[in-house]
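First up is the structure itself, then whatever we jot down about it.
Order of the sequence lines sets the chain letters (A, B, ...), proteins ahead of strands, with each chain counted from 1.
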Protein chains: 4
Amino acid sequence: MTTWRETAREQRKELILEAAARVFARNGFQRATMREIADEAGIATGTIYLYFDDKRDLLLSIAEQLVHLIPRELPSHATPDEERSFIRCVLDEQLRVVEEYRPFFRAVVGEMWTDDSLRTQYLNRVLAPLVNTIELFLKIGIETGKARPHDPQIVARAMLGTVFLFAITSEMETGDYLSSARRDALAHELTDFFLYGVRQQPEEVP
Amino acid sequence: MTTWRETAREQRKELILEAAARVFARNGFQRATMREIADEAGIATGTIYLYFDDKRDLLLSIAEQLVHLIPRELPSHATPDEERSFIRCVLDEQLRVVEEYRPFFRAVVGEMWTDDSLRTQYLNRVLAPLVNTIELFLKIGIETGKARPHDPQIVARAMLGTVFLFAITSEMETGDYLSSARRDALAHELTDFFLYGVRQQPEEVP
Amino acid sequence: MTTWRETAREQRKELILEAAARVFARNGFQRATMREIADEAGIATGTIYLYFDDKRDLLLSIAEQLVHLIPRELPSHATPDEERSFIRCVLDEQLRVVEEYRPFFRAVVGEMWTDDSLRTQYLNRVLAPLVNTIELFLKIGIETGKARPHDPQIVARAMLGTVFLFAITSEMETGDYLSSARRDALAHELTDFFLYGVRQQPEEVP
Amino acid sequence: MTTWRETAREQRKELILEAAARVFARNGFQRATMREIADEAGIATGTIYLYFDDKRDLLLSIAEQLVHLIPRELPSHATPDEERSFIRCVLDEQLRVVEEYRPFFRAVVGEMWTDDSLRTQYLNRVLAPLVNTIELFLKIGIETGKARPHDPQIVARAMLGTVFLFAITSEMETGDYLSSARRDALAHELTDFFLYGVRQQPEEVP
DNA sequence: GATGAATGAGTGTTCATTCAT
DNA sequence: CATGAATGAACACTCATTCAT
């Protein structure tokens, strides 16, 4: 049973973590100062250390939150039998959740390339499960003859990479593809692209 | 005419820039110290400042080098008529050049998300030309009926994103997809993926 | 109402400022290091920056203290009617206060010649009021026929210059004219010099 | 006999010294860079070291030039018997020569307060002879009954201080008292001030 | 628990000086 | 003699972390 104290503590950690994520997303991990995070959270700098070991612990905890990017349950109302709507549902969900956790995402993304243990954590806890899920799905497709023969490892990464990039770049250029307004069009286009590529489809034999 | 002085100076800048790119790629821009860069280049710290204004100028100059990622000329031996081999050639070239400039790429990638002017420079000088080239190619495909109708803006970004991600992540996991050994397979798979997607192709009507 | 916090802060600033003044007076502004100032004050270098913006802010704050050189009130017990005792009182007071603020004085004097804004600040806030006060006194003397006709601008500067120079040079040579022991003699001689010059006085007509 | 080489070398030193004096006067000794001095002299930085030991040697050599402030010969056409014109001549000459060597003067003045050996050199070689000359003159005045009894040490310093201060401050405020236009008025006023002070002179008994 | 003043190690940058050309 | 590229010691300033209140 969780006591009231523990609950209060968790809420406090949450508050700080969100403030930190916003600041990291804004300025990058290195440039962000503990002072700035404390101000953003409306507390004193020293207080942060009552809940987190150090600055890096904040980042790792933020990265930890990204496990929420892993879909808890696959859409049952659209079975893989109807590939189109299934992929579409998954993409919709992914683009939505990525948008929701964008500050967390952006907070991690800058450090990921040069911080070995952060990257390892992120790869193992977040990316690997996602890749595996996609790979599994692709393999089943191949085995059931629904998908053309291909290397699921590469294609799975290609798919994930696409979403990943839209996630971190969407607001950089003029068109914010992740804004709810344009998300539909994006999911639609990507679904078709993943399924059919760009080539003109031959008339299907009925 | 370039004097000997100027040539020597350019070579020196090159030397320093490569050293800096390696260090930035290894440790990230912020963590890298001028001392470390000087050591990597085998010179004194003060010498760097004879060739570059400050630490940031190093990073911007490195980003500048990434214009080399833009293909100078499209493969003429494989016209867009034969889409498959054309795409394949372009992908081969891109994966190769991305591998060649990887330290420069990695040096920039960590700072890009939070450094506005660096990002702007990179987007305008490197990414935009690449996206435009792909978009143009896709539009022609659609107009000539070779490609199925789609939104070239989104698909172009999806394609570029795929290459981008392999570029920065390839050596992170066990499989380095950009190593010359595996590059062929990667290019092959991506070409098919871009052209056909994952869906089982119906028998083409002869 | 001033809180305890504010009072403590002011005392801390005072402590640091006095340490800085001593170090600047000893080594000059440029040669002085923040480390040395911190040591002199018995604190850490970083602490200085909690109270002052930067090294230069220290110097400007020290210069600010020199407004204390401006006499708050003219001696009332000796009216200008009795010029001799009046001048004597003013000189006594000036030589005393100059002695009290000597470290501050010496801290500023080296930088004043080449630092435009420091000089401007010092001239406007300290020197100009002093010159104006003397000028006014001299003008009254001329108008009332107590003083011989002269250019008060020049003479006021000459008087101030004399005190100024004794202030910064007194301890340089063997004889410290500002030491309380010799201050009396100095004030006495200067008073006579200012009033009568060096020339033998003709017998006054009774 | 001085060879041609030695003469050329002396001219070169002169050239560098004047450039250094200008730069020091402009920026102060500490802020001035050897590079800037070299540029001002139109030579390479390394060349300076062929003629001077180091940066400080430049300053000491400049200070050395200030011996020119010491009057070579007292004005014979105006004997001390006619005190007024004598003092006037000396003041005229001093104000003129001080103006001529102003860059050298200003170059030294900032460092003098905190550089012991520079100050000692300046005091012994320049100021002491000047003070002694004035003291001697005053003593004679007292002995011959031309001057009223006073402490020549203090008064000599007061006089010198006045000139000194006009020398270093004249161009700081709006009125440049050392410009040839105003120098006459300044010398005139100071002469009267030194002779008679500010007090209204009683009718001289004929 | 919460605070924020104090700490001091760490870093980008400058510049007097040297020396190979 | 003259040059100016190279050197590297030195220093102002920042900021994560601690701890007395």
Practice problem: Taking only the side-chain nitrogens and oxygens of Tyr51(A), find out if one of them lies under 4.0 Å from OP1 or OP2 of dA2(E). | Solution: yes

Quiz item: Closer to the 5' end of DNA chain F via nearest nucleotide, is it Ile43(B) or Ala44(D)?
Solution: Ala44(D)

Quiz item: Just by modelled atom types, is the Phe29(A) backbone N or O under 3.5 Å from a matching donor or acceptor in the Lys55(A) side chain?
Solution: yes

Exercise. Grab the CG-C1' distance between Leu58(C) and dA12(F) for me, whole Å please.
Key: 12 Å

Self-check item: By side-chain hydrogen bond (donor to acceptor under 3.5 Å, both in side chains) - contacts of Arg125(C) (at least two apart)
Solution: Glu64(C)

Exercise. Check whether any side-chain nitrogen or oxygen of Arg12(C) sits under 4.0 Å from OP1 or OP2 of dA6(E), and answer yes or no.
Key: yes

Quiz item: How about Thr120(C) and Leu123(C): do any of their side-chain heavy atoms sit closer than 4.5 Å?
Solution: no

Quiz item: Under 4.5 Å between any side-chain heavy atoms of Glu111(C) and Arg119(C), yes or no?
Solution: no

Donor-acceptor list for residues 36-52 of chain A side chains, cut-off 3.5 Å, not counting sequence neighbours:
unit_1   : atom_1 : unit_2   : atom_2 : d
Glu36(A) : OE1    : Asn27(A) : ND2    : 3.0
Glu36(A) : OE2    : Asn27(A) : ND2    : 2.7
Asp39(A) : OD2    : Arg35(A) : NE     : 3.4
Glu40(A) : OE1    : Arg26(A) : NH2    : 3.0
Glu40(A) : OE2    : Arg22(A) : NE     : 2.7
Thr47(A) : OG1    : Ala44(A) : O      : 3.4

Self-check item: Interatomic distance, Asp39(B) CG vs dT11(E) P [rounded to whole Å]
Solution: 13 Å

Quiz item: Less than 4.5 Å apart, any side-chain heavy atom of Ile16(B) and any of Leu58(B)?
Solution: yes

Quiz item: Which class fits the ring pair His68(B) and Tyr101(B): parallel under 30°, tilted 30 to 60°, perpendicular over 60°?
Solution: parallel

Exercise. Report yes if some heavy atom in the side chain of Ser117(B) is under 4.5 Å from a heavy atom in the side chain of Arg56(B); otherwise report no.
Key: yes

Quiz prompt | Ile37(C) CD1 - dC13(F) P separation (whole Å) | solution = 10 Å

Quiz item: Atom CD1 of Ile16(D) and atom P of dC1(F): how far apart are they, to the nearest Å?
Solution: 11 Å

Quiz item: Rounded to the nearest Å, what distance is computed from the CZ atom of residue Phe52(C) to the C1' atom of nucleotide dA6(E)?
Solution: 16 Å

Practice problem: From the options dT3(E), dT7(E), dT3(F), select the nucleotide whose nearest atom is closest to the side chain of Leu50(C). | Solution: dT7(E)

Quiz prompt | Under the salt bridge (Lys or Arg N to Asp or Glu O under 4.0 Å) test, residues paired with Asp54(C) that sit two or more places apart | solution = none

Quiz item: Ile48(C) has an atom CD1; how far is it from atom P of dT7(E), in whole Å?
Solution: 10 Å

Exercise. Using atom CD of Gln11(C) as one end and atom P of dA5(E) as the other, report the distance to the nearest whole Å.
Key: 16 Å

Quiz item: Tell me, which of residues 19-27 of chain C have any heavy atom that sits under 4.0 Å from an atom in DNA chain E?
Solution: none

Practice problem: Would you mind reporting whether Gln121(B) and Val126(B) have side-chain heavy atoms less than 4.5 Å apart? | Solution: no

Exercise. Mind checking which stems touch DNA chain E? I mean at least 3 consecutive Watson-Crick or G-U pairs, both distances under 3.5 Å.
Key: E:2-21 with F:2-21

Quiz prompt | Residue pair Arg12(C), Thr7(C): steps toward the side chain to side chain donor-acceptor pair (under 3.5 Å) verdict | solution = CA-CA 9 Å; Arg12(C) 209 88 166 118; Thr7(C) 307; over 6 Å; no

Practice problem: Please tell me which of Thr47(B) and Thr47(C) maps to the more 5' nucleotide of DNA chain E, matching each residue to the nucleotide holding its nearest heavy atom. | Solution: Thr47(C)

Quiz item: Do any N or O atoms from the side chain of Arg106(C) and from the backbone of Phe24(C) form a donor-acceptor pair under 3.5 angstrom?
Solution: no

Self-check item: Under 4.0 Å protein heavy-atom contact, by nucleotide of nucleotides 16-21 of chain E - B base, S sugar-phosphate only
Solution: SBB---

Quiz item: Between Arg9(C) (CZ) and dG4(E) (P), how many Å, whole number?
Solution: 13 Å

